[in-house]
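Worksheet: the structure to be examined is printed underneath.
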Amino acid sequence: MWDRKEKPYVLVVFCAPFIWLVYSLLSGRYFPDPAEPFMTLSGIWAGVFICMSLSITPLTKKLKALRVINRYRRFIGLAAFWYALVHLLAYLVLHAGFNVSWIQEDLLKRPYIYIGVLAFVILTALAITSPKAMVRKLGKRWKSLHKLSYLAGLAILAHLWWQIKADSEIALWFTPFLVIPLLLRINFKKIKINVKNTCTKSTSH
Amino acid sequence: MLIKIKKASDVSEHQVTDQAVYLSRRQFMRNSALSIAALSGTSSVFAGLQQGNLITPPASLAPYFNNIKETSFGVGEKVAPFDVATTYNNFYEFGYGKGDPAKRAENFKPDPWNITVEGEADITGTFALEDIIKEHQLEERIYRLRCVEAWSMVVPWVGISLGDVLKKFKPNSKAKYVYFETLYDPSQFPGQNGGNIKWPYREGLRIDEAMNDLAFLSVGMYGSVLPNQNGAPIRLVVPWKYGFKSIKSIVKIRFVETMPETTWNLLAPQEYGFYANVNPGVDHPRWTQKQERRLPGGLLFPNVIDTQMFNGYQEEVADLYKGMSLVKNY
């Protein structure tokens, strides 16, 4: 995997936010309630890598000069998974203090939390199936499995908008970066036909 | 012989931690961030933050702060360190972040301060803050503050019973509710430039809630005046309700006949009711209210405790809501 010279530097760049988060946490920077800043920041970084990951296909298709990014496809996806894992752990430990009834309540009743968990489950499945051996093993099914990343994108969108109190800034920032790559991937030719059909149906009565 | 009957809201001895222990823990954490300072033993940079409230009261209020009556409210509670209570605030007038109020409140001017009293009362008009408090002796009350976001802390407030203040204005029989308003001044409150909130911040209480002995008008904390970020110079403290009911930097008190509009209720009525009593049995639509993180917690593990009905003040306030559905009137 490490055949290119710049790869170690890219690794450092991808890890830097994580190192900063952990350093800040352990040094008391997020005191007295590290849950909120740590969850927000780890969530933002997970979101950044997911947006990057979703944008690669449409970007490299349109702009050939950017094809070099393809080299980091797997890497960016794994970074998204890693930050999502950190985000989830922050919720479990810093927010809920491993309090079983607190976590249970949230999982059963809070749509924005279980939709976040859904996104995490998808990212986990994609991370597990990311090694080359798994790609070979799954063959054609690998591609369809990894299209679930778009579903994860949608789940994250819901996760963001569903939890707003008064400040919608983060959700607003992420929305175009999640929605545009999705729209670019939709095959509109196919959909147009369906739309036509439904239109004639609905006007006929 | 004095027989002390323990109220449920009193804490037992084993729950008590000396404030000094908390302060030293905080100091340890700061020092671990600044290992050089820790090694040389010079943590004096933060000494001011740790020693309590060092703000000097303005001349108009100073005499009252020299004579603060101690009370039995919250005796033995673990009080949050001063710098925790003053750097972790929800005060959207200064910004959405918990640290924004402490950073942006520097230029706020709490002195001189006037409060307008209007509506269904015999005595109305505009009063200077010192005129409102001069007839009362300031007292200290240690209260638990439970935020609707499921964190809480214990704060030693200085102030006057709200009911005692309101009675002086002689509210008439039409005064069924009392409405409060925060200062509107975007030049001092940068957060009031836009956002989803309809400024100024508004809150209200039913008149019997306002007259309850627990309802408190605070003009100070930790022995001196309120820091700007905590709602200087005068704020409400209603400890059996979620924190957002305890409106800050009050400039208007109005006695009214009908239930007044309140900021969070206007913003999201299905999530924040007028009553907003602390109630572990009624969840916020998007999170549970059964537990809370008592601040400050540890470095990694929060201090998660069960939330009590009326924030543990059942004996004092439960009568106010007899026969009322607290599920409907959340």
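A, B, ... follow the sequence lines: proteins, then strands. Residue 1 opens every chain.
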Next on the checklist: Contact between A:Trp142 and A:Thr129 at the side-chain level, heavy atoms closer than 4.5 Å - yes or no?
Outcome noted: yes
Checklist entry - Looking at B:Glu292 and B:Arg294, does any basic side-chain N land under 4.0 Å from a carboxylate oxygen? => result yes
Item to check | Proximal component of B:Gln289, with respect to chain A [non-hydrogen, under 4.5 Å] | outcome: neither
Item to check | A:Asp33 portion near chain B, given a 4.5 angstrom heavy-atom threshold | outcome: both
Item to check | Inter-residue atom distance A:Phe31.CZ - B:Thr87.OG1, 0.5 Å rounding | outcome: 8.0 Å
Checklist entry - Taking the six-membered ring for Trp, are B:Phe91 and B:Phe94 ring centroids under 6.0 Å apart? => result yes
Item to check | A:Glu6 with A:Arg71: basic N within carboxylate O range, under 4.0 Å | outcome: yes
Checklist entry - Which residues in residues 35-53 of chain A have a heavy atom less than 4.5 Å from any heavy atom of chain B? => result A:Ala35, A:Glu36
Checklist entry - Quick check, are the ring centers of B:Tyr272 and B:His284 under 6.0 angstrom apart? => result yes
Item to check | Contact class of A:Phe98 relative to chain B, heavy atoms under 4.5 angstrom | outcome: side chain
Next on the checklist: Please determine whether a side-chain nitrogen of the Lys or Arg among B:Arg202 and B:Glu181 lies less than 4.0 Å from a carboxylate oxygen of the Asp or Glu.
Outcome noted: no
Checklist entry - Can the ring centroids of B:Phe108 and B:Phe189 be said to lie less than 6.0 angstrom from one another? => result yes
Next on the checklist: I want to check something: taking the side chain as every heavy atom from C-beta on, are B:Lys245 and B:Phe180 in contact at a cut-off of under 4.5 Å?
Outcome noted: no
Checklist entry - Do you know which of B:Glu149, B:Glu271, B:Arg293 has the most heavy-atom pairs under 4.5 Å to chain A? => result B:Arg293
Item to check | Residues of residues 102-114 of chain A with any heavy atom under 4.5 Å of a heavy atom in chain B | outcome: A:Trp102, A:Glu105, A:Asp106, A:Lys109, A:Arg110, A:Tyr112
